[in-house]
Amino acid sequence: MELPKTYNPEEIEPKWQKYWEEEKIYKFDESSNKEIYSIDVPPPYASAGHLHIGHALHYTQFEIIARFRRMAGYNVYFAPCFDNNGLPTEKFVEEKYNISKKTITKAEFRKLCLEESRKVEKIYADKVFRALGHSYDWSLLYTTIDPEAQKVAQMSFIDLYKSGYVYRAEEPTLWCTKHQTALAQAEIEDVQRTTILNYIEFDLEDGGKITIATTRPELLPACVGIFVHPNDKRYKNLIGKNAIVPLFDLKVPIMEDEKVDMEFGTGIVMICTFGDTTDIEWWKKHKLPLRICITEDGKLNEKAGKYCGLTLEEAKEAIINDLEVKNRVVKKEKLQQTVGTCWRCNTPIEYLVTKQWFIKTLEFKEELIKQGRKIRWYPEFYRKRYEDWVKNLSWDWCISRQRFYGVPIPVWYCKNCGNVILPDEKDLPVDPEIDLPKKNCEKCGSNEFIPEKDVFDTWMTSSMSPEIAVRWLEKPERFKKMFPMSLRPQSHDIIRTWAFYTILKAFLHFNEIPWRDIAIGTFVLDPKGRGMHKSKGNAIWTEDLLKKYKSVDVIRYWVGTATWGKDLPFKEKELVRGKKFLTKLWNASRFCFMHIDEKPEKPKKLEAFDKWLLAKLNKLISNVTKNFYEYNTSFCLRETEEFFWHVFCDNYLEIVKDRLYNKARGEDAKISAKYTLYYALLSILKLLAPIIPHITEELYQRGFRKFEEHKSIHISDWPKKFEVEDYSEIGDKIVEIVSEVRKFKTSNKKSLKAEIDIVIQKDLEKDFSEFLEDFKAVTNAKNLSFGENLKISFL
RNA sequence: GGGCCUGUAGUCUAGUGGCUAUGACGUUGCCUUCACGAGGCAAAGGUCGAGGGUUCGAAUCCCUCCGGGCCCACCA
């Protein structure tokens, strides 16, 4: 059999992608008894239409694992999915159509979001998943806005409500004034900035003055108290007195609290409702009045008097100006400050008192850490990050969002008595603004209801991804069999959200872990080591690379070099290397196939070098298999590449040429070579198949398909060890001498064909006997004898 | 401020107690070789961030310092 001279990926790759899909190679087999391996795939955001190389790597990295497990004999459950739910989509639609939720009805807005999502999903499916040769079972597809996913999210809420894990409260809440919604702690991102610390003079009620340092003068109208440290001698006499807030004439009490930092500013703090979390703490502890002066869209309200209607920034400037006019500003200094911001828009968050729904988390910290320890983390150290996050939690999870596009919170309130009314499980999903409760209020009998208008935090759905993926409500028997899932692959930046909330939900609902393994994928940086962002202009697009290299396998080779959990700066030369590797693989296979025209019979006796190769291959197979199980993909690729290139090509192929071409060597020696070539190459292709599926499929189909039972290499059996005597060490010794001979020829500027005399150390004579003929042929040694030391000379 | 990761040749990288520190890219030299010249064979290139300690033995374990990155918490 002869292969074409060059490998042409542009024709070959799409051909097999089509074949795999048509032949349903990756179909999950519901009736199989094989052990199931299930992956909780991260649903890509539908707004992330532009796919940079980091996304491609992330999704391909665990796809390799799916392929490995499939070949290793598992019934792989690999469901594709999309996240078309939540703020990113809303924001994308708002920007694309230049609309806001104020100028369009909820229904219209949702429709646009859904349309937009579907478009992007299509692009994703074709240009990403299919183009990268991913082995999803498309019949298992889910999206997070599907009725079924909504049903799961709402069911989760109802279940937790009934268990007492959900409550509604009017509390100071983390608030984004741009998105005009409550946020969860996990959605807050700290940003460093420089601000001005203003020293402002307050009058005391009974005469005298004090100076207070603040970065938030715009919150003066919300000031409800002043604190000093109980041990601060300077201010002991102030405690119990009242101060007057300048410009606003508010009388506020001066109190003591140990948490005051005497070193900071003047050592006197004003407390406003609310400037930061300490304000909330003191407000609760000292039972201070509430005076909120900020509106939901980040402006001052009527409590701010003449500043009403100004944005926070404008108000800050105006108030400082007026204070300066009245000589109330003692000094101003620059201050480095970290502020919490909305992770989507970087608007500094505010604290507003609003009615929100919460899931209890703070009381389960210990248990959640225990749950985390039952899961295997790859790499292990990321478990620490999870535990740190859980330990540091300071808010229950706020799950209600004042947004449009999302899963509605399935609740009505009785208009008469305020009672919370839940829908029946069988009626889910519901939209309380459209649907009505089926019964009157159980408490008062009223039939008038107020629908809940808020939607869920997007993580309310995402945290149920294992339950959605394996169809918790639709197929309870499947769920029972498949929960916990086998693997959650994800990136490290969402350990505190996705991983955390998923673990939380599995714990609260089932007292179970959601998956046995969690593996943290590689984070791709630009060549200079910075994060890739469309906005920074440093993103490298997968599509461009596909066009340039014309091969998916080249990109997948690069993915294979990445280590799980470790950042990887993108270096294009890794693709060049991949391309060379594919060429080498093609050419070596081409050579092998010239000698494979039938399924080789088992030789009567294997030649020594064949035993050497197969013994070394055994070690490779066992190492690679072990490492694939441990998500150590880069090891697998590296070791296989090393074996293929330097052991198989550089040495073995050169060694067997004589037996294949030289009739004088006899038929048995040739059969042994052919047998070894066949199985060694087939094994190498299989070891590489999870990483570079297209070229290995092409070679399998061309060279092996007619002799092998499986219609695709990707559902063939993972290579097994050969029954063979271990000649690896003796063989290595002899190959070393072959290298010596090559070095001798090269350094004497002679062709490798040059004929030579060799004297080999006498103590190797016994080892050499079985390798002799192959050795003489590959080194072109005309005379070979044994003596004191290794000696090589030209004839 | 707390925690985690990381520092190996010009560049990137493997290596968590043991032969002479892995491999790639790049550089240089040689070989047209019957699978492959988009190749092959070889060479040069390293105080394994610095210092100290443990050990028969340290890139690897411990301590200190320096550099790079990430996560978290904070100051009104």
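The sequence lines fix the lettering, A, B, ..., with proteins before strands; numbering per chain opens at 1. These numbers come from the heavy atoms of this one structure, side chains and all, not from hydrogens, waters or symmetry mates.
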> According to a 3.5 Å limit on both distances, what stems of 3 or more consecutive Watson-Crick or G-U pairs are formed with RNA chain B?
Replying inline: B:1-7 with B:66-72, B:10-12 with B:23-25, B:27-31 with B:39-43, B:49-53 with B:61-65
> How are the rings of A:Trp459 and A:Tyr501 set relative to one another: parallel (under 30°), tilted (30 to 60°) or perpendicular (over 60°)?
Replying inline: tilted
> What string of B, S and - do you get for nucleotides 27-36 of chain B, 5' to 3', when a contact is any protein heavy atom under 4.0 Å?
Replying inline: --BS--BBBB
>> Taking only the P atom of each, what is the distance from B:U8 to B:C48 in whole angstrom?
In response: 11 Å
>> Between B:U13 and B:A73, how many Å separate the two P atoms, rounded to a whole number?
In response: 30 Å
>> Using a heavy-atom cut-off of 4.0 Å across all strands, would you classify A:Trp282 as base, sugar-phosphate, or nothing?
In response: nothing
>> So that I know where these two stand, are A:Phe570 and A:Trp558 an aromatic pair - ring centroids less than 6.0 Å apart?
In response: yes
> Quick one: A:Leu637 CG to B:A24 P, roughly how many Å, whole number?
Replying inline: 13 Å
> Which nucleotide sits closest to the side chain of A:Arg577: B:A24, B:A76, B:C74?
Replying inline: B:A24
> Between A:Lys580 (NZ) and B:G23 (C1'), how many Å, whole number?
Replying inline: 14 Å
> Considering heavy-atom distances to RNA chain B, does A:Gly267 or A:Asn632 have its closest nucleotide positioned more toward the 5' end?
Replying inline: A:Asn632
>> Which residues pass the side chain to side chain donor-acceptor pair (under 3.5 Å) test with A:Tyr235, not counting sequence neighbours?
In response: none
> Looking across every strand, which nucleic acid part, if any, lies under 4.0 Å from A:Glu2 by heavy atom: base, sugar-phosphate, or nothing?
Replying inline: nothing
Which atom pairs, donor and acceptor, lie under 3.5 Å between side-chain atoms of residues 260-268 of chain A and protein residues at least two apart or in another chain?
| from | atom 1 | to | atom 2 | distance (Å) |
| --- | --- | --- | --- | --- |
| A:Asp261 | OD1 | A:Glu263 | N | 2.9 |
| A:Thr266 | OG1 | A:Thr211 | O | 2.6 |
| A:Thr266 | OG1 | A:Ile268 | N | 3.4 |

> What pairs meet the salt bridge (Lys or Arg N to Asp or Glu O under 4.0 Å) rule with one or both residues in residues 653-662 of chain A, with sequence neighbours excluded?
Replying inline: A:Asp610-A:Arg659, A:Glu654-A:Lys657, A:Asp658-A:Arg665, A:Arg659-A:Asp774
>> What contact category does A:Trp586 fall into here, base, sugar-phosphate, or nothing, at under 4.0 angstrom with non-hydrogen atoms?
In response: nothing
> Of the nucleotides B:A73, B:C74, B:G23, which has the atom closest to the A:His646 side chain?
Replying inline: B:G23
Determine all donor-acceptor pairs shorter than 3.5 Å in which one atom belongs to a side chain in residues 580-594 of chain A; sequence neighbours excluded.
| from | atom 1 | to | atom 2 | distance (Å) |
| --- | --- | --- | --- | --- |
| A:Thr583 | OG1 | A:Lys579 | O | 2.9 |
| A:Trp586 | NE1 | A:Pro4 | O | 3.0 |
| A:Asn587 | ND2 | A:Thr583 | O | 3.2 |
| A:Ser589 | OG | A:Leu585 | O | 2.7 |
| A:Arg590 | NE | A:Leu3 | O | 3.2 |
| A:Arg590 | NH2 | A:Glu2 | OE2 | 3.2 |

Protein-nucleotides 44-46 of chain B N/O pairs under 3.5 Å:
none

> Taking the P atom of each, how far is B:U20 from B:C30, in whole Å?
Replying inline: 33 Å
>> Using OP1 and OP2 only, check whether a side-chain N or O of A:Gln185 sits under 4.0 Å from B:C72.
In response: no
>> Tell me the interatomic distance from A:Ile196, atom CD1, to B:A76, atom P, rounded to whole angstroms.
In response: 13 Å
> Who passes salt bridge (charged side-chain N to carboxylate O under 4.0 Å, His left out) against A:Asp396, sequence neighbours left out?
Replying inline: none
> In chain order, what residues pass the side chain to side chain donor-acceptor pair (under 3.5 Å) check against A:Thr214, with sequence neighbours excluded?
Replying inline: none
> Which salt bridge (Lys or Arg N to Asp or Glu O under 4.0 Å) pairs, counting each pair once, include a residue from residues 633-651 of chain A, with sequence neighbours left out?
Replying inline: A:Arg577-A:Glu641
Show me the protein contacts with nucleotides 1-9 of chain B, counting only N or O atoms at under 3.5 Å.
| from | atom 1 | to | atom 2 | distance (Å) |
| --- | --- | --- | --- | --- |
| B:G3 | O2' | A:Asp388 | OD2 | 3.2 |

> If the P atom of B:U60 is compared with that of B:U47, how far apart are they to the nearest Å?
Replying inline: 16 Å
> Which residues within residues 209-216 of chain A lie with some heavy atom under 4.0 Å of an atom in RNA chain B?
Replying inline: A:Ala213, A:Thr214, A:Thr215
